[in-house]
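To find a chain, count down the sequence lines: A is the first, B the second, and so on, and within it residues start at 1. Below, each value reflects all heavy atoms present in this structure, side chains not excepted, and no hydrogens, waters or symmetry copies.
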Number of protein chains: 2
Amino acid sequence: MPGEKPLRADARRNRDALLAAAAEAFAVHGSTASLEDIARSAGVGIGTLYRNFPTRQDLFDAVYLSEIDRLCRAAEDVAELAPWQALSTWLRRFVRYAATKRAIYEALSRDSAAFRDTRERMYAAGEPLLERAQKAGAARVDVGFDDVLRLVSGITAAGFVDEEQRERVLAIALDGVRRQG
Amino acid sequence: MPGEKPLRADARRNRDALLAAAAEAFAVHGSTASLEDIARSAGVGIGTLYRNFPTRQDLFDAVYLSEIDRLCRAAEDVAELAPWQALSTWLRRFVRYAATKRAIYEALSRDSAAFRDTRERMYAAGEPLLERAQKAGAARVDVGFDDVLRLVSGITAAGFVDEEQRERVLAIALDGVRRQG
DNA sequence: ACATTAACGGAGGCACCCCTCCACTTCACT
DNA sequence: AGTGAAGTGGAGGGGTGCCTCCGTTAATGT
C-alpha cells in the first residue's frame, strides 16, 4: 500500500537494528550520541548507517517519530476515564515514557520543520483531553495545552532523587492545572 | 585574611577574564563548551586556563559558585514581603536568573561532591522562605523545599515560546504549591 | 637596574567523531 | 546455478577538542 518499494530482507533487518540502537543511544547520551557507536552497537558498518539515514537529523527523526507514536496511542487508553482522570493519567504516562528519552524533551525545545508535524500529532492526542477536563470544570480554563505540555516536559527532563519524587512533583504541578477550589 | 597567597596582578586579571568567558560559554553551550574557545575568548593561552583550572570541573565549579552566590543574595531582598509573596518572588527571580544558564540547571541534576555545599547554600537561602509560607498557611505542607526547587528548575530548563509563556507556566506550577482553598 | 621566579602561551601528540567512497558480498529472481 | 542489482562495511581524509610540556615573557622586590 505505501508507495515505498519493499526493502531487501537484510536491509530491513539492518535498518531496524539501527533504529533500536539509536533509540538506546539517544536516550543515554542525548541527540549528540556518536553515530559510529550507534552503527557499531547495531552490528553494521558506518556506511550502512549513512545510506539509511543521510543526516543525523534523519535518524533522530525516525527514532523520535516512532516514540511519539507509542505515546499518542496511549491517549486512546484513557478515553473511558473521567475527564480529569483521563488528562492526568495520560500526562503521567507521558512523563514515564519520556523520562529516560531526552529525544522527546529536546524535540519540544526545537523548532525544526520535521518536528512540526510530530508536535501536531501530540496535540491531536492530548489537547482534547485538556478541553474535556476544562468543559467539565475540572481544569482551569486560563491555560492552553501548550502550556501544560511544556510544564510537564520540564518535569520530564529535570533530575530527581527517585521516581517517587518525580511523581510527587508532577502531582504538585498538576494541582496547579486543576480547577481551583 | 584568606590563607591563599596573593596572586600576581596579571594572573589575577587572567583568572577573572577566564571566569567571565567561561560563564558566557557555559551559558550558551552548556557544560561541554570548548575549553580552547574559552581561553581564546578570554584572550589567554590554553596553558593558562589549565594552570588555573586543572579540570573542566574545576572551572565549571568556579563559575557556578559565583552564579549561585548572586542568587542566594537575592533571598535577602524579599525578606520584607508577605510569606507567599516572598517565596514566589524569589522563585521567579531564580527562574529569570537561571533561564539562560544551563550550568545551574545541570548542577541540580548532578551528584558530584563539589555541588553538595553549593546546594546547601541554596537550601539555606530558600528553605526558610518555604517554611515561613507553610507556617502562615499559604503553602501546602506536604511538599519539601527539594520538591519545589526541582519543579522550578525543570521549568527553568524547558524551552518556551517566549518569556511570557514561561511566566505563565511558572505561575501555574506555583499555584500547585500554594495552599489549596 | 636587575635578578628571581611566577606566570604565560601555543605547538604537538593523542583521541574521537564525521562523512565519503568504492571494492566486495549477498539477496532475489530466473 | 548464475547473474545483476542492491546492499555492505570500513579505511581514510579532514576536522575539532583535550591536555602536556617547556622555551619565553614580564611582574616583583631590592
With the threshold set at 4.0 Å, does a side-chain nitrogen-carboxylate oxygen contact exist between B:D37 and B:R40?
yes
Would the distance check show the side chain of A:D16 and the main-chain N or O of A:R13 forming a donor-acceptor pair, the cut-off being under 3.5 Å?
no
Positional range of nucleotides in DNA chain C within the contact set of chain B, heavy-atom, under 4.0 Å:
C:dA6 to C:dA11
Rounded to whole Å, CZ of B:F53 lies from P of D:dC19 at a distance of 15 Å
Parallel, tilted or perpendicular: which fits the ring planes of B:W90 and B:F94, with parallel below 30° and perpendicular above 60°?
tilted
Determine whether a donor-acceptor pair (N or O, by modelled atom type, separation under 3.5 Å) exists between the side chain of B:R121 and the backbone of B:D69.
no
Scan B:N14, B:N52, B:I38 and name whichever one has a side-chain contact (heavy atoms from CB on, under 4.5 Å) with B:V44.
B:N14
Contact nearer the 5' end of DNA chain C, comparing A:R13 with A:T55:
A:T55
Atom-pair distance (CD on B:E36; C1' on D:dT20), nearest Å:
12 Å
Let me confirm one number: the CG-CG distance from B:L19 to B:L59, rounded to the nearest 0.5 Å.
6.5 Å
Measuring from atom CG of A:L174 to atom CD1 of A:I155, what distance do you get when rounded to the nearest 0.5 angstrom?
7.0 Å
Under 3.5 Å, which protein N or O atoms sit close to an N or O of nucleotides 7-9 of chain D? Give each pair with its distance.
| from | atom 1 | to | atom 2 | distance (Å) |
| --- | --- | --- | --- | --- |
| D:dG7 | O4' | A:R8 | NH2 | 3.4 |
| D:dT8 | OP1 | A:N14 | ND2 | 2.2 |
| D:dT8 | OP2 | A:R51 | NH1 | 2.6 |
| D:dG9 | OP2 | A:G45 | N | 3.1 |
| D:dG9 | OP2 | A:T48 | OG1 | 3.1 |

What is the separation between atom CG on A:L35 and atom P on D:dG10, rounded to the nearest whole Å?
16 Å
Answer yes or no: is there an ion pair linking A:R178 with A:D175, defined by an N-O contact shorter than 4.0 Å?
yes
